[in-house]
Amino acid sequence: MELKFEELPYQLDAVNAVANLFAGQPNHARTFNLTSQGTGRFVGNGLDLDWETLGRNLNVVQKQNGQPETEIGAHGLNFSLEMETGTGKTYVYLRTIYELNRSYGWKKFVIVVPSVPIREGVLKSLEITKAHFDGVFGRPVMRYSEYSSSRLSDLRAFAVNDHIEILVINIQSFEKDGNVINKVNESGEAPIKFIQETCPIVIIDEPQNMETEGRLNALESLNPLFTLRYSATHKNPYHKVYSLNPVQAYNLKLVKQIEVLPVLAENDVNGAFAELLEVKQAAKGRLKADLNIHYQDKKETKKKKVSVKSGDDLFEKSGGHEAYRHGFIIDGMDFENQELAFSSGKTITRGGDGDAVRDEIMKNQIRETVREHLAKEKRLNPLGIKVLSLFFIDRVENYRAADGTAGKFALWFEEIYRELSGSTDTAGVHDGYFSQDKKGRLKNTDGTTQADNDTYRLIMRDKETLLSFSSPLRFIFSHSALKEGWDNPNVFQICTLNETRSPLKKRQEIGRGLRIAVNQKGRRVRDEDENEKQLYFSPRRAKIPKLKSSRLDTIFGGIVFGKIITHPGIQYRQQFAHTCRNGNLIRLTLGQQALIEIPNKRFKTCRYH
């Protein structure tokens with residue numbers, strides 16, 4: 001399958017926002033001698049516009065795009081573009097490279113990335129968009145390369161060649177004095193000199209990961225002509241010239257809707273976790289109990305052991321966790337039967353949790369994911385849309401043991417798939433992407449090690465194959481390899497069989513399938529009814545209401561990732577068991593400060609407090 005790329009107005013607006021910053025710049029390339037090397041002629045970028053003209057252009061572009069006007073001297077030649085996940089950020093900055101070359105003759109570009117998977121994603125995008133951009137821009141000569149300390153000669157080619165040169169480099173490769181690229185060699189110069197002398201246009205992918213003093217200095221050491229910063233979540237939006245925020249992306253039908261579907265166990269009372277450890281006899285025959293509950297501090301929700309007696313309220317014991325606000329006053333304890341009763345009438349027993357129940361939860365997560373997947377296939381396959389499901393797992397051996405035999409997740413999956421599909425053939429239906437050590441043994445990694453490189457390349461290589469009906473693979477298991485940098489438009493279900501507390505990692509996981517689905521011709525299918533994604537999770541990971549949202553990370557895990565604003569993208573799905581009613585409003589607290597109030601009939605609006 002070959003993916004087809006469209007010329008979408010909002011993407012062209014983002015490209016033009018950058019191009020118009022330099023209105024009046026002559027179209028020519030600069031050449032000059034690199035005298036310190038003394039061998040050959042080097043092609044670099046040059047800028048003729050004065051500071052006043054650049055500042056005027058900046059304010060014109062900002063005004064056109066509804067952004068606050070800033071003084072050019074405040075941030076220098078650093079410009080930011082905000083683009084929501086799944087809207088084609090990489091496509092936009094690659095197209096911007098071609099446009100800047102056509103308009104102004106600039107030829108040297110450096111794309112700086114924060115991680116291996118994002119780097120591999122950029123390299124894959126360069127590969128699959130080349131034919132498209134050849135057609136749009138008249139087949140200009142373009143060469144791209146990945147920086148490697150073992151191939152320093154590539155830097156000379158980058159400096160010498162008289163056509164579009166794109167260098168993709170990890171920030172870790174040049175942020176320290178001890179990096180190979182910064183060490184002076186026998187010629188008396190450091191290899192980074194080849195980059196510096198060209199005055200490259202620097203493009204930063206996910207700049208919020210490069211805001212430390214050391215990394216900011218490293219970026220400046222490239223001697224950029226100017227710097228373009230692309231992200232959905234800028235930490236410091238220097239001279240913002242364009243913005244496509246989550247609400248705009250949803251309203252323009254550029255990303256999928258997301259449904260959040262929790263899977264509960266017996267001790268997860270309405271999504272509130274309570275595990276009875278022991279009922280004990282205290283002084284004067286009184287009883288007390290030790291419980292594990294979810295405790296909410298300023299940073300995160302985590303499991304905590306607490307001691308309680310009759311009359312205690314878990315809402316107070318949990319640090320004000322909203323899941324325990326109603327019905328969790330201790331109503332009584334039974335020492336002999338090791339039971340504890342709540343004011344809601346719910347009773348929990350000792351030993352009601354543990355590995356068996358955790359396995360029950362995860363097995364049910366797999367079951368619901370497979371069930372929804374098969375239902376979607378009946379509806380979408382006739383439209384030429386292949387459905388994919390993605391499982392994030394806690395440990396590799398839970399899917400595939402060291403000796404290559406199936407782990408419990410694989411066994412559960414095959415059992416459930418055969419039951420729900422009616423097919424006995426599971427060959428090729430599911431597979432895992434995991435890193436290996438030098439002996440070929442699978443290993444748990446954090447996604448940043450050298451062992452992950454081959455895994456990322458395999459995933460990127462298989463991206464188009466996964467979209468085709470010719471491949472039977474529909475269920476994908478991953479440990480860390482797919483948490484960022486990899487987006488497949490036909491991922492419709494994500495099942496999290498791990499415990500992720502980090503807000504960033506949650507966002508990385510749920511962002512893997514936000515793009516609009518494509519059919520067998522490689523074209524986007526923009527029917528809203530066909531673009532919903534399900535997330536199946538255990539409430540042990542995070543407290544998530546049963547809510548349909550245009551931007552899950554706004555409410556995911558009871559953590560506010562960004563400002564919640566009034567928009568129609570949040571719709572009622574079903575009554576929240578843990579909410580309180582107040583007139584015609586259902587109130588849902590998110591963290592300690594955010595509150596969504598939703599009308600109790602046609603759930604169309606939400607308000608931020």
Side-chain angles (χ1 to χ4, degrees), residues 15 18-51 53-54 57 72 76-79 93-113 122 126 133 137 140-148 151-171 173-174 179-185 187-205 216-229:
V15 173
V18 173
N20 292 339
L21 289 170
F22 306 98
Q25 166 70 19
N27 186 335
H28 60 81
R30 299 284 183 85
T31 62
F32 56 90
N33 283 318
L34 188 57
T35 55
S36 59
Q37 298 288 342
T39 54
R41 210 159 173 77
F42 290 76
V43 179
N45 300 323
L47 182 61
D48 296 332
L49 300 182
D50 58 37
W51 207 247
T53 302
L54 288 168
N57 287 349
I72 188 69
L77 299 184
N78 288 275
F79 307 102
Y93 68 64
L94 293 182
R95 182 165 183 144
T96 299
I97 289 175
Y98 283 87
E99 185 59 47
L100 292 175
N101 172 259
R102 178 168 66 179
S103 298
Y104 307 118
W106 291 324
K107 298 178 180 180
K108 302 302 167 74
F109 301 85
V110 175
I111 300 174
V112 182
V113 298
V122 173
L126 281 163
F133 289 138
F137 292 93
V141 178
M142 183 276 288
R143 187 186 81 102
Y144 67 88
S145 60
E146 169 194 350
Y147 169 76
S148 171
R151 299 194 308 273
L152 294 176
S153 59
D154 285 354
L155 297 182
R156 176 174 289 278
F158 174 85
V160 170
N161 289 338
D162 191 16
H163 52 246
I164 299 174
E165 281 281 340
I166 303 172
L167 176 67
V168 183
I169 185 170
N170 283 75
I171 183 68
S173 296
F174 65 99
N179 291 128
V180 172
I181 197 171
N182 292 322
K183 290 182 177 180
V184 176
N185 54 32
S187 68
E189 300 282 2
I192 197 172
K193 190 76 170 179
F194 287 111
I195 299 175
Q196 294 169 336
E197 294 290 347
T198 67
C199 295
I201 294 168
V202 173
I203 295 171
I204 307 177
D205 196 323
L216 289 172
N217 290 336
L219 293 168
E220 284 302 310
S221 75
L222 297 176
N223 190 31
L225 189 70
F226 56 85
T227 301
L228 304 174
R229 301 164 179 268

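This structure is a prediction, so every number in the text was calculated from the model and none was measured. Numbering starts at 1 and runs along the sequence shown.
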State the CG-CG distance between L77 and L21, to the nearest 0.5 angstrom. 9.5 Å
Between N161 and V141, is the side chain to side chain contact (heavy atoms under 4.5 Å, CB included) condition met? List the steps. CA-CA 10 Å; N161 289 338; V141 178; over 6 Å; no
What is the minimum heavy-atom distance between L167 and E146, and which atoms define it? CD1-C, 4.4 Å
Nearest 0.5 angstrom please: L228 CG to T96 OG1, how far? 7.0 Å
Tell me whether D205 contacts the main-chain N or O of V113 through its side chain, where contact means a donor paired with an acceptor under 3.5 Å. no
With a 4.5 Å heavy-atom cut-off, do L222 and F174 have their side chains touching? yes
List the residues meeting side-chain contact (heavy atoms from CB on, under 4.5 Å) with D50, not counting sequence neighbours, and say none if there are none. E52, T53
Ignoring hydrogens and angles, tell me if any N or O in the side chain of K183 forms a donor-acceptor pair with the backbone of P191 under 3.5 Å. no
Atom pair NZ (K193) and CG (L155), whose distance is rounded to the nearest 0.5 Å: 14.0 Å
What one should report as the nearest heavy-atom pair of A218 and I171 is CB-CD1, 4.2 Å
To the nearest 0.5 Å, what is the distance between OG1 (T227) and CZ (F79)? 9.0 Å
Could you tell me if the side chain of Y144 sits less than 4.5 Å from the side chain of V168, heavy atoms only? no
State, with a plain yes or no, whether a side-chain heavy atom of S221 is found less than 4.5 Å away from one of I192. yes
When you measure from the side chain of N179 to the backbone N and O of I181, does any donor-acceptor pair fall under 3.5 Å? no
Of all heavy-atom pairs linking P224 and V202, the shortest is CB-CG2, 3.5 Å
Which heavy atom in D48 sits nearest to a heavy atom in Q25, and how many Å separate them? N-OE1, 2.9 Å
Heavy atoms of P200 and V110 approach each other most closely as CB-CG2, 3.7 Å
Counting only N and O atoms by type, is there a donor-acceptor contact under 3.5 Å from the side chain of N101 to the main-chain atoms of K107? no
Can you name the nearest heavy-atom pair linking F194 to A159, along with the distance? O-CB, 3.6 Å
Between K108 and F158, is there a donor-acceptor pair closer than 3.5 Å when you use the side chain of the first and the backbone of the second? yes
Side chains of L152 and Y147, heavy atoms from C-beta outward: is any pair under 4.5 Å? yes
State whether E165 and R143 are salt-bridged, where the test is any N-O pair (Lys NZ or Arg NE/NH1/NH2 against Asp/Glu carboxylate O) under 4.0 Å. yes
Does the side chain of I97 reach to within under 4.5 Å of the side chain of I201, using non-hydrogen atoms? no
Hits for ring-ring contact (aromatic ring centres under 6.0 Å, His included) against F133, two or more places apart or cross-chain, chain-then-number order -> Y91, Y98
is_close_aromatic(F22, F226), centroid dist under 6.0 Å: yes
Listed once per pair and sorted, the salt bridge (charged side-chain N to carboxylate O under 4.0 Å, His left out) pairs that draw on residues 97-106, sequence neighbours left out: E99-R102
From W106 CH2 over to L225 CG, what is the distance, rounded to the nearest 0.5 angstrom? 6.0 Å
CG on L47 to OH on Y104, rounded to 0.5 Å: 10.0 Å
If we only count heavy atoms from C-beta on, is the I195 to N223 side-chain gap below 4.5 Å? no
